[in-house]
Amino acid sequence: MDFSQSEEHTSIRDAVGKICAQFDDHYWLEKDRAGGFPHELHRAFADGGWLGICLPVAYGGSGMGITEAAVMMQTITASGAGLSGASAVHMNIFGLQPVAVFGTEEQKQRMLPPLIAGREKACFAVTEPNTGLNTTQLQTRAERVGDHYVLSGEKVWISTAQVAEKMLILARTTPQDQCSKPSLGLSLFYTSLDRKYVELCEIDKMGRKAVDSNQLFIDGLPVPVADRIGEEGRGFEYILHGMNPERILIAAEATGLGRAALNRATRYANERIVFNRPIGKNQAIQHPLAESWMELEAADLMTMRAAWKYDHGEPCGADANAAKYLAAEAGFEACQRAVMTHGGYGYAKEYHVERYLREIMIPRIAPISPQLILCYIAEKVLGLPKSY
Amino acid sequence: MDFSQSEEHTSIRDAVGKICAQFDDHYWLEKDRAGGFPHELHRAFADGGWLGICLPVAYGGSGMGITEAAVMMQTITASGAGLSGASAVHMNIFGLQPVAVFGTEEQKQRMLPPLIAGREKACFAVTEPNTGLNTTQLQTRAERVGDHYVLSGEKVWISTAQVAEKMLILARTTPQDQCSKPSLGLSLFYTSLDRKYVELCEIDKMGRKAVDSNQLFIDGLPVPVADRIGEEGRGFEYILHGMNPERILIAAEATGLGRAALNRATRYANERIVFNRPIGKNQAIQHPLAESWMELEAADLMTMRAAWKYDHGEPCGADANAAKYLAAEAGFEACQRAVMTHGGYGYAKEYHVERYLREIMIPRIAPISPQLILCYIAEKVLGLPKSY
Amino acid sequence: MNNHHLDTERQDNIRMLSESAQNFAIKASPLTRARALRGSATGFDRSFWTKLAEQGWTGLLIPESFEGYGQGFGEMAAVVSALATQVAPEPVVPALVFASRLIEHSAEHQLKTGGSGELQQQLLASIAAGELIPAVAWQEELAGLDVSLLAHAVSAAPTNGRIQLSGEKHHVRPSADCDGFVVTAKQGEGLSLWWVPATTAGVQVNVVALADGTSAASVRFDGVMLEESQCLAQGAAAMSAFTRAYDEALVMTSVELLALQQAMLNMTLEYLRTRVQFGKPIGSFQALQHRAVDLLIQQELTSAVVGQAIDMLDGAATVVERAAMASRTKARASDAGLLMARESVQLHGAIGFTDEYDLGLYVQRALVLSAWLGNAQTQRRRYSTLTKLTTPSV
Amino acid sequence: MNNHHLDTERQDNIRMLSESAQNFAIKASPLTRARALRGSATGFDRSFWTKLAEQGWTGLLIPESFEGYGQGFGEMAAVVSALATQVAPEPVVPALVFASRLIEHSAEHQLKTGGSGELQQQLLASIAAGELIPAVAWQEELAGLDVSLLAHAVSAAPTNGRIQLSGEKHHVRPSADCDGFVVTAKQGEGLSLWWVPATTAGVQVNVVALADGTSAASVRFDGVMLEESQCLAQGAAAMSAFTRAYDEALVMTSVELLALQQAMLNMTLEYLRTRVQFGKPIGSFQALQHRAVDLLIQQELTSAVVGQAIDMLDGAATVVERAAMASRTKARASDAGLLMARESVQLHGAIGFTDEYDLGLYVQRALVLSAWLGNAQTQRRRYSTLTKLTTPSV
């Protein structure tokens, strides 16, 4: 093992940090109040060439790893942009990996450059209202008609659909009863989100108002066969491929936001004087913050190990899941402690930490619940029997 | 960063594991019941050349780092030998670093080889009954008389003193009021534990009965000047030098024991059938174990980072303290969960996990309390004011 | 809540009041109302306050001698709980418990020592009639939440036969649409309490938005000129009146937190019973089931402590006993409220995070109330000092 | 413990009994006695049992019609608590609550249905006189702690006009020096309860050492031959008697855990007040102080629940209410006992780890009792099923 800090990571942190510094706390406070996609941030990242950080150089990307992407995403949330900032670019970073890995040369040429340049935004349309986490039970159908598929069904919790031109969508091409396994018969498409056939309903949320979440009603959307990624019927497998990177990035975002909260809390504890002493002199204030620092560091190490394994082609499922679990819990604790540290001001909007607390709930809930992670570790690592 | 497993570590784990396999659960159960130093284990490690793992090659050591020592200590506790096994050699591993670093060539030649060969055992006599964690307040005096010092005072919580020929002892050579700082005026000696001048009282403990803890009453012990390590008055500084390695090793021991408990719990959860299903199928059983796996992995990563930094000469105080804190907490949780998993058998001695639970309390309490670690992190890392 | 010490007749009355309050609250204050008022200028609805007055609830705690209904905290808790269950944003506890009781305690002392109590008489009658909504302005930047150090930077100084009030107070609820403030001020070395109508020249109210859509205010007093007759209490009497009202407000805020906790738990249990995943209701998964049991046990513990505290307010207790009980109760209710908020969102998964789902209303109100008047940490510290568990903290 | 529902006279009596039990326990059972008996052959002292009988405590719960004193659980709790505070190793709850009550409940049913109840009469008289120490042998390898599946592998089969008992039971307390066992056995499809003297041929007791220096037994019944007259109860009556005695034992074990918890907290607070570090008592360090407050609050919560549960045992409650309350109480007391054990060792630092310091006695007893009859997890699961919080667990 070698724990030296890579210079590349330091320079990513510096460069990304500089972009984020253009979007201050007031920007995000206002976005949280009024909503509206942070186009300016997305544009700045596109212009800096960051959206293709882990896509191949041949198509305009930087060809770096998930490790570097994790460093970037962590830097965004840690800047105070939080999940509002991270989610605005999140999908662009890892979402098109299936295209990069399983797409044809023609598809890569056609699909990746506009995304990397920020000319197109994409959303990730997998989850459905009635299937929850059980992806193989998806109801959206894609029927082949000549050189097209026709897609119909509902999707829910689709982020950035309001502003996206494209979507990566999973749909069933062969009925489940005609497949040898429930995970077969699903196909993956990267295609235009044509609003003539897709109705979008935005879901108001408790936090991260800036980045829309939506329910999609798809009715007869024609999708050219040329937009199908990889073989018909193997879409689930392609999506699985992106599952670990997504968990790693979410973990990095959670520790980043936790650090933002911890910084605010530490600053406040040092500056806030009650009767001639900073409140940070109280062990009741300082010890929980110290504990959060340790928890965030440990979760970050786990995240980095998971990313390193992914980038080196080693199995990383256990580490990616553990990283997401530990990071979300540590991030949540840090945000909650930051609110507590602020006392009466903790829930006043202008102190920002209550916004962090609302946003940090996302990495705890998505893309997989902590309970299912515990099941995964129990089964795959400890060798205990399946419990459900 | 590079998270690849070093082959050296794997071979340390294999070799140390083989030695430990000679000492089975019954050996430790009996040691726990009846007490008595595990001489056989100490001898086996000496014969294998392991006691000098991080001492210089020139004096019979292996010249490896604290990282490798941590791997070794973790392997010992994880074998089921627990703290009883680890504490039997612990002091030999890191205790003589001050001699290796600050001793003269003559001292190194004279002191290190017998220890490494297992011909001599050493104990570490720093803590005193009335000073607790405030080391600068030590009361033991060393008065210079010609070519000797004469030592008098009391020491407490001195492990392995019953079987040790030598001790590394810290004593005050200049009264505190004549020193510019309270941390000055203390000197370090490595000398014979002459029972004519030192009365030993063993302290019965709740756990780790095999490795004695003692109170020492020292009355006029003559110590040759040649046994003083480094300069007079700078002993505290030399001891501080060993503080971080000690925390790193204790952290490794705690995660090792936590893993031993987790293994037992997992095996029991798989094997114990209640009405045709293994109890491990219950989420109430398997989820806490899964959580422990994650916590132990994260604490282990922190331990490895601290060790890596120490071995590379980087400041490692924050990491070493965080590792000790996280490892002790994660280890304790794992042991407690293992006991709970065993249900009614959890507190039956023949299932071993209750012994682990008693032993894991040591890394939580020693060598520094979790509260003081929180103070350290709050002050040194977060920049908050001193609270006490 | 257990009301062991109450006689059967009163228990029956409280049960009936509780039912009627619940019926009223559900009809007159559906969750859509709470939702619509979030972030509005005043954060609550003055016309709804009139309805509360019509029910007699604005004067429920006020003695009959002051034109109220002279009921106890058991009765008030029934009303507070019903309104909290509907997340009604009206400042019932801040105005009708904290401020109103503070005015009343100061009146009791004035009357006992031969004073007129005229101002208090007037104020309480208006409060009971639902015409006056008062707030307490007491927290200062430098003193934090230490109730033994009530006023430091805000002072009341005699100037030309009148009194000049200067300084700033924070975390004042209600904020906008508040008719006047009971202000704690330093006078010489002692504490004094003043009644300051919101319209007085030199009073400047800055509204701070809170997470739950209500608000608090920072109130500046810029050389505000007062008459001696605006003084409600001074010295030991002021301190004693304040402490008592503060403790009463702590307990009643705990009643609100308990009601929110119960609402969140009910929603969560319902969700666990009906939401299907992997072909089964998710409530059949052991891990979720056990978390739900933990939450239920937490709720029952909170309920037991809150019940005990209400009994104590209605019964006889020393000042220290009452304060220790109040702090312990608020600490428990705050902790349990936060835990329930966190876990109920977690157990709901994504739907718990949507704004249109009502859970968020409860969660955000619980977050705000857990901090109001001092969070769990602060209350535990006070409890520790009061019970002299250990040597004083350094 | 709050005994709200008791009349004043009984409250006074319980208070007096509690004081005299404490005085007795401190004198007759100093901690040195508990210490000396650890790991001894029987783990406890039969002559001390005789002293308990002289006090009348071995028959305290037994009705006067069975030659006991007919007192309630409030009274028994006073005795149990006093002995637990001294870590007395005698099996008071296992023998005098669990086994004795099980025998009594089975007698009640026999008498109601026209049976003789002769065996029970005899046994209870001997128990009351302190001459007989019984244990319940019920837990099996395959059934775990599910009380609804009481006997599976141990069966009672008619053979030549007698009954043959076969199988193995675990976690039986007392283990050595136990005079006989109430054994749960499968008979046809139903449950039956049998009295088996320890000296019966074919009964084999294997003693298992426990962490606190006491022991439990695995008891094998190798084709043990019984008379019909040794049957205490069958079918629904057996199940009902068992469940009730089990719930009573859960609550009384919680009383022991509470007493241990209080003893640990007292030692810890005393240590925090007197131990000096960095020139100050360590209790002045905020972090330690706040942990102590948390522990005190935990203790008070446990105490409130235990008090409620005792009231319920002495009052009227449905079978399900009683069971739910008992499980909830044991869950709480087990959790709080473990927490207190862990934290008190932690707060004491190294001295808490020495064997000569008495803290260890409390800690290890608390560990063992937290698991006895089912740990917190098991009890929460039972509570969940009983209260049908959610759909049945899968």
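Convention: sequence-line order gives letters A, B, ...; per-chain numbering from 1. Quick caveat: nothing in here was measured; it's all calculated off a predicted structure.
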Part of [X] within contact of chain B (heavy atom distance under 4.5 Å):
| X | result |
| --- | --- |
| A:Leu262 | side chain |
| A:Leu326 | side chain |
| A:Tyr376 | neither |
| A:Gln5 | side chain |

**Evaluation steps, side chain to side chain contact (heavy atoms under 4.5 Å, CB included), between B:Phe3 and A:Lys309** = CA-CA 8 Å; B:Phe3 288 92; A:Lys309 285 187 180 174; 5.7 Å; no
Do you know the tightest heavy-atom contact between [X] and [Y]?
| X | Y | answer |
| --- | --- | --- |
| A:Ala318 | B:Trp293 | CB-CH2, 3.8 Å |
| B:Lys386 | A:Lys281 | O-NZ, 2.8 Å |
| A:Ala378 | B:Ala290 | N-CB, 3.9 Å |

**Message:** Can you tell me how far apart NE2 (A:His287) and OG (B:Ser387) are? Round to the nearest 0.5 Å.
**Reply:**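 Output value for this atom pair is 5.0 Å.
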So, do [X] and [Y] sit near enough that their side-chain heavy atoms are less than 4.5 Å apart?
| X | Y | result |
| --- | --- | --- |
| B:Glu291 | A:Leu374 | yes |
| A:Leu382 | B:Asn270 | no |
| A:Met294 | B:Ile373 | yes |

**Message:** Less than 4.5 Å to any heavy atom of chain A: does that hold for the side chain of B:Ala323, its backbone, both, or neither?
**Reply:**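 Neither; nothing under 4.5 Å.
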**Item:** Top contributor to chain A contacts, counting heavy-atom pairs under 4.5 Å, from B:Pro278, B:Gly383, B:Cys375
**Value:**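 Going by pairs under 4.5 Å, I would pick B:Cys375.
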